[in-house]
2 protein chains.
Amino acid sequence: MTMDRRVRRTRQAVQRALVDLTLEKGYEAVTVTDLINRADVGRSTFYAHFTDKQDVLLSNIAEIDFLHRPPSTSGELFAFSLPMLEHAAEQQRLVKALLGRRGGGVLVARGEQMLATMIRDELTTRGAPASPSLDLVVICVAGAFMALLRQWVDGDFTATPTDLDTAFRTAVIPGVAALLGGQ
Amino acid sequence: MTMDRRVRRTRQAVQRALVDLTLEKGYEAVTVTDLINRADVGRSTFYAHFTDKQDVLLSNIAEIDFLHRPPSTSGELFAFSLPMLEHAAEQQRLVKALLGRRGGGVLVARGEQMLATMIRDELTTRGAPASPSLDLVVICVAGAFMALLRQWVDGDFTATPTDLDTAFRTAVIPGVAALLGGQ
DNA sequence: TTCGTTATTGAACAGCATGTTCAAGAAGGA
DNA sequence: TCCTTCTTGAACATGCTGTTCAATAACGAA
């Protein structure tokens, strides 16, 4: 499981280089050559570890660990929201580089999918019957949350996690609650 | 105002080439050389009209005209929804190429901004006091709608416009209504 | 410390995309 | 018709990609 120390050093250096360079130039503008230079790693070494620029991006997913939180099924609806936002606030650099406007769109898409799955599970657990139309509502909720997150990140984290959480709940909880109550 | 016929022909050929190629390979994978070949246009001609691949993309915005609908301020809340979706359903090819997963993310971002502005105006017109927290709710609503649209497009337009409209309203109208009613 | 294994290096390479230039020719429209 | 404007194709410098290879360096287990 624990890799060779050299491997660890190399991979980390490249991953950090991607974050740094993305913050500086935006993900699109970052080239493999940039990564190599910034990470101070041989070109052949890079391709021994990653296939792509995007491969480096995806390898960073594990580090955005607030996307993997266990869905706290008990308690209030969408309890994931506030803790997730608070966690994001603590990882501003990383989150901004990877999820921001200047970041690679891939992670946003993945995040939205993971969120949607999480939300769908929560709703069916609470008694909503699985159906195509439920899925559509789930997309709305996930889209709302991710849009909020993106906006926050691109606006350099003005507003507090609580502000965002409140807005999110204001917008979607009444609708979802009506859906659940009506069963 | 009306351009030289040659100019019209050239620009159209390139724009169409972008749509076609995006549907085939995805926007990212399309190169300027591809556009030139498909449009059957000289390289120097291309650069006489566009600066970029992205420039071609943006020049297509005007064609997605349902993003410019006048906000029908009267009648029900978010009346733009169903007509917009119906219009999108009629322009599947174009919409899928430009707004889909394989399309350039730029237009999605623009669409979300325009939507947010439209929604904000509608809410303030109806008496919601302008404030930062209102803006956050607006982001949620716009994000929900765009997420729905993206999902629809990438799923090849299964579901009807009415289905989507219903889901959208189910998810966000109760929350927004509470916000308006509470004033 | 030793020693076999594994990772890194740097340079070189072919391939391809970009964006610019220019003189010659074709098409437009008044 | 005739002047203007657009298009053409080719050539070019530049920069990025992804691969290869033999030499060297670092690792970690015994």
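What you see below is based on every heavy atom in this structure, not just the backbone, and it leaves out hydrogens, waters and symmetry mates.
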**Student:** Do the ring planes of Phe157(B) and Trp152(B) sit parallel (below 30°), tilted (30 to 60°) or perpendicular (above 60°)?
**Tutor:**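 The arrangement is perpendicular - the two ring planes meet at more than 60°.
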**Student:** With a cut-off of less than 4.0 Å, is there a side-chain N or O of Thr31(B) near OP1 or OP2 of dC16(C)?
**Tutor:** no
**Student:** Of Arg8(B) and Thr33(B), whose nearest nucleotide on DNA chain C comes first from the 5' end?
**Tutor:**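 Here Thr33(B) is the residue nearer the 5' end.
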**Student:** Using whole Å, what does the distance between atom C1' of nucleotide dC16(D) and atom NZ of Lys25(A) come to?
**Tutor:** 11 Å
**Student:** With a cut-off of 6.0 Å (strictly less than), are more than 12 heavy atoms of other residues, nucleotides or ligands near CZ of Arg8(A)?
**Tutor:** yes
**Student:** Is the shortest distance from a Lys or Arg side-chain nitrogen in Glu24(A) or Arg102(A) to a carboxylate oxygen in the other one below 4.0 Å?
**Tutor:** no
**Student:** Ring-plane angle category for Phe168(B) and Phe145(B), please: parallel below 30°, perpendicular beyond 60°, tilted otherwise.
**Tutor:** perpendicular
**Student:** Is it the case that atom CZ in Arg11(A) sees more than 12 heavy atoms from other parts of the structure closer than 6.0 Å?
**Tutor:** yes
**Student:** Rounded to the nearest angstrom, tell me the gap between atom CZ in Arg38(B) and atom P in dA17(C).
**Tutor:** 14 Å
**Student:** Would you kindly give the CG-to-C1' distance between Asp4(B) and dA27(C), to the nearest whole Å?
**Tutor:** 8 Å
**Student:** Could you check how far CZ of Arg5(B) sits from P of dA27(C), rounded to whole Å?
**Tutor:** 11 Å
**Student:** Distance check needed: dT18(C) P versus Asp55(B) CG, whole Å only.
**Tutor:**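 To the nearest whole Å, that distance equals 14 Å.
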**Student:** Within this structure, what is the CG-to-C1' distance between Leu35(A) and dT17(D), rounded to whole angstrom?
**Tutor:** 13 Å
**Student:** Whole angstroms only, please: what is the CZ-C1' distance between Arg6(B) and dG29(C)?
**Tutor:**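 Taking CZ of Arg6(B) and C1' of dG29(C), I get 9 Å after rounding.
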**Student:** Rounded to the nearest angstrom, tell me the gap between atom CG in Asn37(A) and atom C1' in dG15(D).
**Tutor:** 13 Å
**Student:** Between Gln15(A) (side chain) and Val56(A) (backbone), is there a donor-acceptor pair under 3.5 Å?
**Tutor:**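 Checked: no pair found.
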**Student:** Quick one: is the NZ or CZ of Lys53(B) closer than 6.0 Å to the six-membered ring centre of Tyr27(B), and within 45° of its axis?
**Tutor:**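 Relative to the ring axis of Tyr27(B), which defines the angle, Lys53(B) lies inside both limits.
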**Student:** Look at Thr10(A) and dT8(C) and indicate whether a side-chain polar atom (N or O) is within less than 4.0 Å of OP1 or OP2.
**Tutor:**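 The answer is yes; a side-chain N or O of Thr10(A) sits under 4.0 Å from OP1 or OP2.
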**Student:** Let's see if you get this right: which residues in residues 42-53 of chain A place a heavy atom under 4.0 Å from DNA chain D?
**Tutor:** Arg43(A), Ser44(A), Tyr47(A), Asp52(A)
